[in-house]
Asker: 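Input: one structure, supplied below.
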Amino acid sequence: MIDGTEYTQDDIRRWELGRARAALALLKDRIGDEPMRELLTEDLRAADRAMAPLPNASGGAWRSAVTEMEIGGITAEEFLTWRQGRLASAGRTALLSANPEHYLADPADGVVEIIETIGSGRLRFLLTFHDGVAIKGEGHETCPVRIGGTGRLTDGTEICRVMHEFDDGPHGLHIRPTIRFPAHAPEHVITGHQ
């Protein structure tokens, strides 16, 4: 109870979540990119050792992790204008805030260096956006805006293919982020990313 008003556990969880997000954003900002890379060095080495053999072991086969979201109060055009502005201005804070497990999102020279949790561990990949990304499946051809790219480990191994699709749904912005991993990727990589 605060000042005579009773609050529920859900109210408290919402407050805690908001404060936790603010604290995490502050820490990411204060740590900075290079110290973050150093802090996660061992995690990234382990991820490279685990992920690098997967494309060859998969024989060219890929598996998709697809998530769909609808967000009210914003159109696809409004969101894309905001997003492109963040990428063009190297809007580090906005990119890191997109997901609590984005540890680094460093856009430079047409490539975004990303360190995030994929499955149960951290992974660094260099994401280059380009046309012609091989993402197929039911519904993918219906989204009018498709932004695709290829993610590579630092040794150049192609480790993922991404396709971010945007459209206006009945209640607002419809987003379908898809990421494809080599077919032999562990299940926790696929479901963990979703």
Side-chain angles (χ1 to χ4, degrees), residues 1-44 46-47 65-108 111-127 129 145 147 149 151 159-160 162-179 181 188-194:
M1 186 167 293
I2 299 174
D3 292 333
T5 301
E6 189 171 331
Y7 293 94
T8 67
Q9 284 298 318
D10 287 341
D11 294 325
I12 294 167
R13 282 189 201 98
R14 277 193 298 279
W15 296 337
E16 289 173 342
L17 179 59
R19 299 315 309 151
R21 286 178 175 162
L24 183 57
L26 174 68
L27 290 173
K28 287 179 183 180
D29 186 57
R30 296 281 171 90
I31 289 170
D33 291 346
E34 197 52 42
M36 186 67 78
R37 287 181 188 100
E38 291 172 20
L39 282 169
L40 298 174
T41 296
E42 291 307 313
D43 298 85
L44 302 177
V66 181
T67 305
E68 298 206 37
M69 297 175 267
E70 195 162 301
I71 300 101
I74 187 168
T75 67
E77 182 178 347
E78 291 167 337
F79 176 78
L80 289 166
T81 299
W82 173 86
R83 180 182 182 274
Q84 289 308 109
R86 298 296 74 72
L87 292 173
S89 68
R92 182 178 179 280
T93 301
L95 295 172
L96 290 176
S97 297
N99 183 328
E101 293 181 308
H102 284 175
Y103 299 97
L104 187 140
D106 186 11
V111 176
V112 182
E113 178 187 4
I114 297 173
I115 299 175
E116 67 177 89
T117 298
I118 301 284
S120 61
R122 267 64 46 218
L123 177 68
R124 173 185 13 214
F125 57 97
L126 307 173
L127 181 60
F129 290 101
V145 179
I147 301 172
I159 200 61
C160 62
V162 301
M163 179 62 68
H164 300 313
E165 299 170 293
F166 306 90
D167 195 0
D168 289 318
H171 305 289
L173 169 65
H174 173 245
I175 303 175
R176 182 196 331 233
T178 298
I179 186 164
F181 295 102
H188 72 87
V189 169
I190 304 296
T191 58
H193 195 270
Q194 289 173 303

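Note that the coordinates shown come from a computational prediction; the quantities given were computed from them, not determined experimentally.
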Asker: To check you understand the geometry: which heavy-atom pair defines the closest contact between A65 and I190, and what is its length?
Answerer: CB-O, 3.6 Å
Asker: If you look at every heavy atom in E70 and G169, which pair is closest and at what distance?
Answerer: OE1-CA, 3.9 Å
Asker: Rounded to the nearest 0.5 Å, what's the gap from CD1 on I74 to CG on L80? Could you check?
Answerer: 9.0 Å
Asker: OG1 of T75 to CG of D168: how many Å apart, nearest 0.5 Å?
Answerer: 5.5 Å
Asker: Do D29 and L26 have side chains that get closer than 4.5 Å, going by heavy atoms?
Answerer: no
Asker: Please identify which of these residues, D10, L17, I12, meets the side-chain contact (heavy atoms from CB on, under 4.5 Å) condition with R14.
Answerer: D10
Asker: In terms of side-chain geometry, is the basic nitrogen of R13 or E16 positioned less than 4.0 Å from the acidic oxygen of its partner?
Answerer: no
Asker: Other residues, nucleotides and ligands only: do more than 12 of their heavy atoms fall within 6.0 Å of CD on E34?
Answerer: yes
Asker: Around atom CD of Q194, are there more than 12 heavy atoms of other residues, nucleotides or ligands at under 6.0 Å?
Answerer: yes
Asker: About how many Å separate CG of L24 and CG of L27, when rounded to the nearest 0.5 Å?
Answerer: 6.5 Å
Asker: Indicate the atoms forming the closest heavy-atom contact of L104 with E113, along with that distance.
Answerer: CD2-O, 3.3 Å
Asker: Nearest 0.5 angstrom please: L39 CG to R122 CZ, how far?
Answerer: 11.5 Å
Asker: Treating K28 as the side-chain partner and M36 as the backbone partner, does any N or O pair qualify as donor plus acceptor under 3.5 Å?
Answerer: no
Asker: A side-chain contact here means heavy atoms from C-beta on lying under 4.5 Å apart; do Y103 and R124 qualify?
Answerer: no
Asker: Got a second to check how far I159's CD1 is from L126's CG, nearest 0.5 Å?
Answerer: 12.0 Å
Asker: Any side-chain to backbone donor/acceptor pair from D167 onto H174? Under 3.5 Å, distance only.
Answerer: no
Asker: Which residue is it: M69, E165, M163? I am looking for the one with a side-chain contact (heavy atoms from CB on, under 4.5 Å) to P177.
Answerer: M69
Asker: Quick check against the 3.5 Å criterion: does T41 have a side-chain atom that pairs as donor or acceptor with the backbone of R37?
Answerer: yes
Asker: Assign the ring pair H164 / F129 to parallel, tilted or perpendicular, where the plane angle (0 to 90°) is split at 30° and 60°.
Answerer: tilted
Asker: Please tell me if the side chains of I115 and D43 come closer than 4.5 Å, counting only heavy atoms from C-beta onward.
Answerer: no
Asker: Measure the spacing between CG of L173 and NE2 of H171 and express it to the nearest 0.5 Å.
Answerer: 13.0 Å
Asker: Could you tell me whether the side chain of I118 reaches within less than 4.5 Å of the side chain of F181, counting heavy atoms only?
Answerer: yes
